[in-house]
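Input: a single structure, listed below in structure tokens.
All heavy atoms count here, side chains included; hydrogens, waters and symmetry mates do not.
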Amino acid sequence: MRKTQKRKIEETIMQMEEAHDEIKRCIEEGIVIQAGELLADCQNAAVAIGTLIEGTEGEGHPTVTVLEEYCELVYQIHEAISADSSVNTDKIYESLRRKLIEASNSIRNDIKIRTEAVFLPYKACMWDSLESIWKAADADPDCDAYVIPIPYFDKNPDGSFKDEHYEGDQYPDYVPVTRYDEFDFGKHMPDVIYIHNGYDDWNLVTSVHPDFYSRNLKNYSEELVYIPYFVLGEIDPDNEQAVEEMKHFCFMPGIINADKVIVQSEDMKRIYVREYLKAAKECGLTGKHLDRMYLEKKFLGTGSPKFEKVANTMREDVEIPREWKRIINRPDGTAKKIIFYNNSIGALLHNNERMITKMESVFKIFKENREEIALLWRPHPLIESTLKSIRMQLWEQYKAIRDRYLAEGWGIYDDTADIDRAIVVSDAYYGDLSSVVQMYQITGKPIMIQNAEVIQCAIK
């Protein structure tokens, strides 16, 4: 039985207990008709509970037997007060109370609770922000865990939807995927829903399907949990400038509507709580949104699953594509050093043509040293949709570099959903400051951040 179903049963039993008190009063005051109506209500409630239990636990469940005995007792009491109003009220009350307690104990001891957890990733490459939690749920014998990738759209400059994407076929083989249009949320009403996109309609570049905006998901679950698909560099909560640059992450629809928000550290939790309070006041929110004690429980600094995924992935666990091996291995069979090169959206938008020039310089140097070093280029997966939406000219320049790199074929281009493979197989990181850097630090391997102002560099 689902936790929500059991809670509903418990609420019904509490109402029946209150009805018992009212039945006793009515009998004592000689209001036999009203007492009979209340007894009928109790009997109907018991039948409804029994039907629900049979539907989830099967026929012959011991709780159903107790409820049947309760219904028989209610019938006998109804017949007794209809024939003779001078019945022993205390005895009636006590007999009803005892039988209902027996039913409650049976529900508590004989019915096993199952939880239903739904995970709603949108981009497959961001699945690592949810995977470890899904694995724990999937391994729990008392939990039904569903992975339901949801569609998303690129946006035109005017905010209208453009191309629709669905990446349900890009998840690891060990992840069972359920189609979003084959899962009835209204029927299932999952106990908890996990999301990693909290923007809803606030994002200027992409949008998940509006059916899956957090404000809509709230109608289908008692608990909505938001986990950022990114990680940030750790920030001192007292560093005002650093907090100012990231505070926009702390207040967005998914966070406002979520019941729980899981962030990467306790320091980050402090920042989220503080900045959320400020933004909520400015937006005129009230109630729990301004209750610090509530927010301290809502935000959890227990760590990002992305870190856990990297820490638990070994090189022998990943499959290296044949095309990658062609670039990585020398003719004599020895392997070159692999450099993970990463471009972020922020660095491109900030530096514009300077970054294009920088990238051309980087590729030139790596190409010249391709006999000793294998370049694994993995740009941010949203670069294309972002640039097309807001910097079309920059996109044309970026695309020209990308297409030339692909055509020449001397380096690896990784646009797959598996970022952990790139982190694990590479020997060092070079590129922009981004959430990838935070993940890469876990490996203990060298990291070098590129500077768009420095066009020439040397590789040793």
Side-chain angles (χ1 to χ4, degrees), residues 123-128 167 169-173 309-310 313-345 347-348 355-384 397-432 434-437 439-452 454-460:
K123 285 192 70 66
C125 64
M126 299 171 181
W127 167 240
D128 59 348
E167 301 184 357
D169 59 345
Q170 298 181 30
Y171 289 75
D173 293 339
K309 176 71 185 299
V310 172
T313 302
M314 301 292 105
R315 187 161 187 162
E316 54 268 24
D317 297 332
V318 301
E319 182 177 346
I320 301 177
R322 181 181 300 176
E323 181 62 21
W324 290 23
K325 291 179 180 178
R326 180 187 65 79
I327 297 170
I328 293 170
N329 296 326
R330 299 186 182 92
D332 62 3
T334 59
K336 307 171 189 175
K337 291 293 184 182
I338 304 172
I339 304 299
F340 181 166
Y341 181 49
N342 174 57
N343 300 109
S344 71
I345 296 174
L348 264 168
M355 183 55 74
I356 298 298
T357 303
K358 173 67 177 181
M359 291 171 63
E360 289 175 335
S361 172
V362 169
F363 289 136
K364 179 176 183 296
I365 292 172
F366 275 104
K367 183 179 179 180
E368 291 172 352
N369 291 270
R370 63 186 180 278
E371 300 303 322
E372 298 299 322
I373 298 172
L375 184 66
L376 194 166
W377 182 28
R378 184 184 172 90
H380 192 286
L382 292 178
I383 282 179
E384 179 174 348
Q397 294 175 299
Y398 174 88
K399 180 178 181 296
I401 293 178
R402 185 200 65 182
D403 292 349
R404 184 168 64 249
Y405 178 85
L406 290 171
E408 292 176 350
W410 55 265
I412 298 168
Y413 182 73
D414 184 10
D415 60 352
T416 68
D418 192 0
I419 187 174
D420 301 286
R421 176 175 58 185
I423 292 175
V424 169
V425 303
S426 58
D427 297 290
Y429 173 95
Y430 178 64
D432 298 325
S434 73
S435 61
V436 180
V437 173
M439 297 164 63
Y440 210 91
Q441 285 177 330
I442 297 173
T443 68
K445 293 182 287 192
I447 295 172
M448 183 175 180
I449 306 303
Q450 73 176 349
N451 185 342
V454 179
I455 302 304
Q456 297 200 0
C457 58
I459 301 176
K460 297 182 179 179

Could you give the distance from [atom1] ([X]) to [atom2] ([Y]), rounded to the nearest 0.5 Å?
{"X": "Ile327", "Y": "Leu375", "atom1": "CD1", "atom2": "CG", "result": "9.0 Å"}
{"X": "Ile419", "Y": "Arg421", "atom1": "CD1", "atom2": "CZ", "result": "11.5 Å"}
{"X": "Ser344", "Y": "Met355", "atom1": "OG", "atom2": "CE", "result": "6.5 Å"}
{"X": "Ile338", "Y": "Lys445", "atom1": "CD1", "atom2": "NZ", "result": "8.5 Å"}
{"X": "Leu406", "Y": "Arg404", "atom1": "CG", "atom2": "CZ", "result": "11.0 Å"}

Does a sphere of radius 6.0 Å around CD in Glu316 hold more than 12 heavy atoms from other residues, nucleotides or ligands, not counting ones at 6.0 Å or beyond?
yes
Within 6.0 Å of CG in Asp173, more than 12 heavy atoms from elsewhere:
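No, not enclosed.
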Checking Gln450 against Asn343 for the side chain to side chain contact (heavy atoms under 4.5 Å, CB included) test, could you report, in this order, the C-alpha distance in whole Å, the side-chain angles of both residues, the deciding distance, and whether it holds?
CA-CA 9 Å; Gln450 73 176 349; Asn343 300 109; 3.5 Å; yes
What is the minimum heavy-atom distance between [X] and [Y], and which atoms define it?
{"X": "Ala124", "Y": "Glu167", "result": "N-OE1, 2.8 Å"}
{"X": "Ala374", "Y": "Ile328", "result": "CB-CA, 4.1 Å"}
{"X": "Ile320", "Y": "Lys325", "result": "O-CE, 3.4 Å"}
{"X": "Asp420", "Y": "Asp128", "result": "OD2-CB, 3.8 Å"}

Could you tell me whether the side chain of Ile356 reaches within less than 4.5 Å of the side chain of Leu348, counting heavy atoms only?
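Side-chain contact under 4.5 Å: yes.
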Under 3.5 Å, is there a donor on one side chain and an acceptor on the other for Thr416 and Asp418?
no
Quick one: do Trp324 and Tyr413 satisfy side chain to side chain contact (heavy atoms under 4.5 Å, CB included)? Show the steps, please.
CA-CA 9 Å; Trp324 290 23; Tyr413 182 73; over 6 Å; no
Ionic contact status for [Y] with [X], cut-off 4.0 Å:
{"X": "Lys336", "Y": "Glu372", "answer": "no"}
{"X": "Lys364", "Y": "Glu360", "answer": "no"}
{"X": "Arg378", "Y": "Asp414", "answer": "yes"}

Checking the side chain of [X] only, and the main-chain atoms of [Y] only, is there a donor and an acceptor separated by less than 3.5 Å?
{"X": "Lys358", "Y": "Val454", "result": "yes"}
{"X": "Arg315", "Y": "Val424", "result": "no"}
{"X": "Asp432", "Y": "Ser434", "result": "no"}
{"X": "Gln170", "Y": "Ala417", "result": "no"}
{"X": "Ser426", "Y": "Ala422", "result": "yes"}
{"X": "Asn342", "Y": "Pro379", "result": "no"}
{"X": "Asp317", "Y": "Thr313", "result": "no"}
{"X": "Arg370", "Y": "Gly411", "result": "no"}

Which of Ile423, Ile449, Ile339 passes side chain to side chain contact (heavy atoms under 4.5 Å, CB included) with Tyr429? Answer is Ile449
State which residue, out of Tyr440, Tyr430, Tyr405, fulfils the ring-ring contact (aromatic ring centres under 6.0 Å, His included) condition with Tyr341.
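For Tyr341, the ring-ring contact (aromatic ring centres under 6.0 Å, His included) test succeeds with only one of Tyr440, Tyr430, Tyr405, which is Tyr430.
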Cation-pi between Arg402 and Trp377: NZ/CZ under 6.0 Å from ring centre and within 45° of the ring axis?
no
Under the ring pair (Phe, Tyr, Trp, His ring centres under 6.0 Å) test, which residues partner Tyr171, sequence neighbours left out?
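With sequence neighbours excluded, Tyr171 shows a ring pair (Phe, Tyr, Trp, His ring centres under 6.0 Å) to Trp127, given in chain and number order.
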Go through the steps to decide whether Glu368 and Ile373 satisfy the test side chain to side chain contact (heavy atoms under 4.5 Å, CB included), and finish with yes or no.
CA-CA 9 Å; Glu368 291 172 352; Ile373 298 172; over 6 Å; no
